[in-house]
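Data block below; observations after.
In what follows, chains carry the letters A, B, and so on, assigned in the order in which the sequence lines appear, proteins first and then strands, with residues in each chain numbered from 1. Below, all heavy atoms of this structure are taken into account, side chains as well, without hydrogens, waters or symmetry copies.
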Amino acid sequence: MKEYVLLMISAALVNNVILARFLGLCSFMGVTTRIDTAVGMGMATTFVITVSSMLDWGVEAFLLQPYSLGYLRTVTFILIIAAAVQFTELIVRKVSPPLFQMLGIYLPLITTNCAVLGVALLLVEGRMNFIGATLFAFASSIGYSLVMVMFAGLRERLALAEIPRMFAGPPIGFIVASLLALAFMGFSGMSAG
Amino acid sequence: MTQSLNLDYRAAEPLEGFAQVVALEGNKAWLVPEQTSSCGGCASSSVCGAKGMGTIASRLEARRFQIVNDFNLRPGERVVVGIRENALIKASITAYAIPLCTLLGAGALAQWWAGSDLITMASMFAGLAAGLWLARLVAARLLVRGELAPRFIRRAAPGESCSVE
């Protein structure tokens, strides 16, 4: 139990997908203009990363490793991620069309989100069991969502602040992102300790 | 940098978007959202891989929605529509958080009880199915309360488009 808790803290905070591994930066800058859109994107990504990682683990354990097909890993994982996104889209549309009207816009962006593929490839490196891999994927995506929402909150305030013209827009966004990354570096002390 | 205004960051602002009236049906108008990329568009949109995927006509047609036509809307008109504050968060929790919770809960229970990867995997997929069924019930309740329905805000000015930072 303790090892799973440590695994999740490590995945969400110490080795944060965005601020430590620099994955998913496109959506990090693109969808964080409002907190509610960041929450929508974060939750959709959390769902897709968790489900696709479960499928990736199964394919890796029962197909790629036994038949020595490791060289097909990246292509296979990309296919699984695309299928997981399509599956999610289909399910949301079937479960509730109004939810699909509201949330469907975020799903295509997830297909091209490198964080999803990155987490799947990290699972292979980690050689975890199924529950460990799923919790790692879930915690990684919670870390991704946490940073998205924090950054969106900061950007909402920055939009109303008096900022020198040359720093307005993306430049101040990148400066704030770098400060957030520095703050998250503090968590690396947890692993050293 | 000092803040010169007294700003209320909790102020309720609806999420706005552009839509086009495509058909009238009694007192209801059918609208289709205008083409945007998934992330709302940015300076890199010409090279963004997500752009094309969010803009095809079939996707927009699938997101066709209905509003009460109390404003004498006509087919072809562009309007600004919005959803209530927090509606997106409630919708996200319903669609994604509920199934994820049941999925992880079922997985944790199965791992504790059986300790086998295959049983855990099967339990997680069963938990996912149960969560989706629960999400459907919650979504139906939200729909009855009108919390997921877009609202008409105003007619769009000619040439008006989303502001991109």
| Of all of Gly153(A), Ser27(A), Ala44(A), Ala61(A), which one pairs up most often with chain B through heavy atoms under 4.5 Å apart? | Ala44(A)
Are side-chain heavy atoms of [X] and [Y] found at a separation under 4.5 Å?
{"X": "Gln111(B)", "Y": "Phe130(A)", "result": "no"}
{"X": "Ile131(A)", "Y": "Trp112(B)", "result": "no"}
{"X": "Leu103(B)", "Y": "Phe138(A)", "result": "no"}
{"X": "Thr45(A)", "Y": "Tyr96(B)", "result": "no"}
{"X": "Val39(A)", "Y": "Ile93(B)", "result": "no"}

| field | For the student: nearest non-hydrogen atoms of Ser92(B) and Gly40(A), plus distance | value |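 Where Ser92(B) meets Gly40(A) most closely, the heavy atoms are OG-CA, 3.3 Å.
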| Met121(B) and Gly58(A): which non-hydrogen atoms are nearest, and at how many Å? |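 Smallest interatomic distance, heavy atoms only, reads CE-CA, 4.3 Å.
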| request: Give, as side chain, backbone, both or neither, the part of Leu158(A) having an atom under 4.5 angstrom from any heavy atom of chain B. | output: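 Neither part, no heavy atoms under 4.5 Å.
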| query | Side chain, backbone, both or neither: which part of Leu135(A) has a non-hydrogen atom closer than 4.5 Å to chain B? | reply | side chain
Check for me, please, whether [X] and [Y] land in the same ILVMFWY cluster - side-chain distances under 4.5 Å, paths through other members count.
{"X": "Leu182(A)", "Y": "Phe167(A)", "result": "yes"}
{"X": "Leu79(A)", "Y": "Val48(A)", "result": "no"}
{"X": "Val68(B)", "Y": "Phe71(B)", "result": "no"}
{"X": "Leu90(A)", "Y": "Leu132(B)", "result": "no"}
{"X": "Ile119(B)", "Y": "Leu109(B)", "result": "no"}

Between atom [atom1] of [X] and atom [atom2] of [Y], what is the distance when rounded to the nearest 0.5 Å?
{"X": "Thr46(A)", "Y": "Leu100(B)", "atom1": "OG1", "atom2": "CG", "answer": "7.0 Å"}
{"X": "Phe47(A)", "Y": "Ile98(B)", "atom1": "CZ", "atom2": "CD1", "answer": "11.5 Å"}
{"X": "Asn129(A)", "Y": "Thr120(B)", "atom1": "CG", "atom2": "OG1", "answer": "8.0 Å"}
{"X": "Arg136(B)", "Y": "Ile91(A)", "atom1": "CZ", "atom2": "CD1", "answer": "10.5 Å"}

| query | Which region of Ala110(B), side chain (C-beta onward) or backbone (N, CA, C, O), has a non-hydrogen atom less than 4.5 Å from a non-hydrogen atom of chain A, or is it both or neither? | reply | neither
| task | Name the region of Leu118(B), side chain, backbone, both or neither, that has any atom closer than 4.5 Å to a heavy atom of chain A. | result | side chain
| Among Thr94(B), Leu104(B), Leu128(B), Leu143(B), which residue forms the greatest number of heavy-atom pairs with chain A at distances under 4.5 Å? |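 Highest number of pairs under 4.5 Å: Leu104(B).
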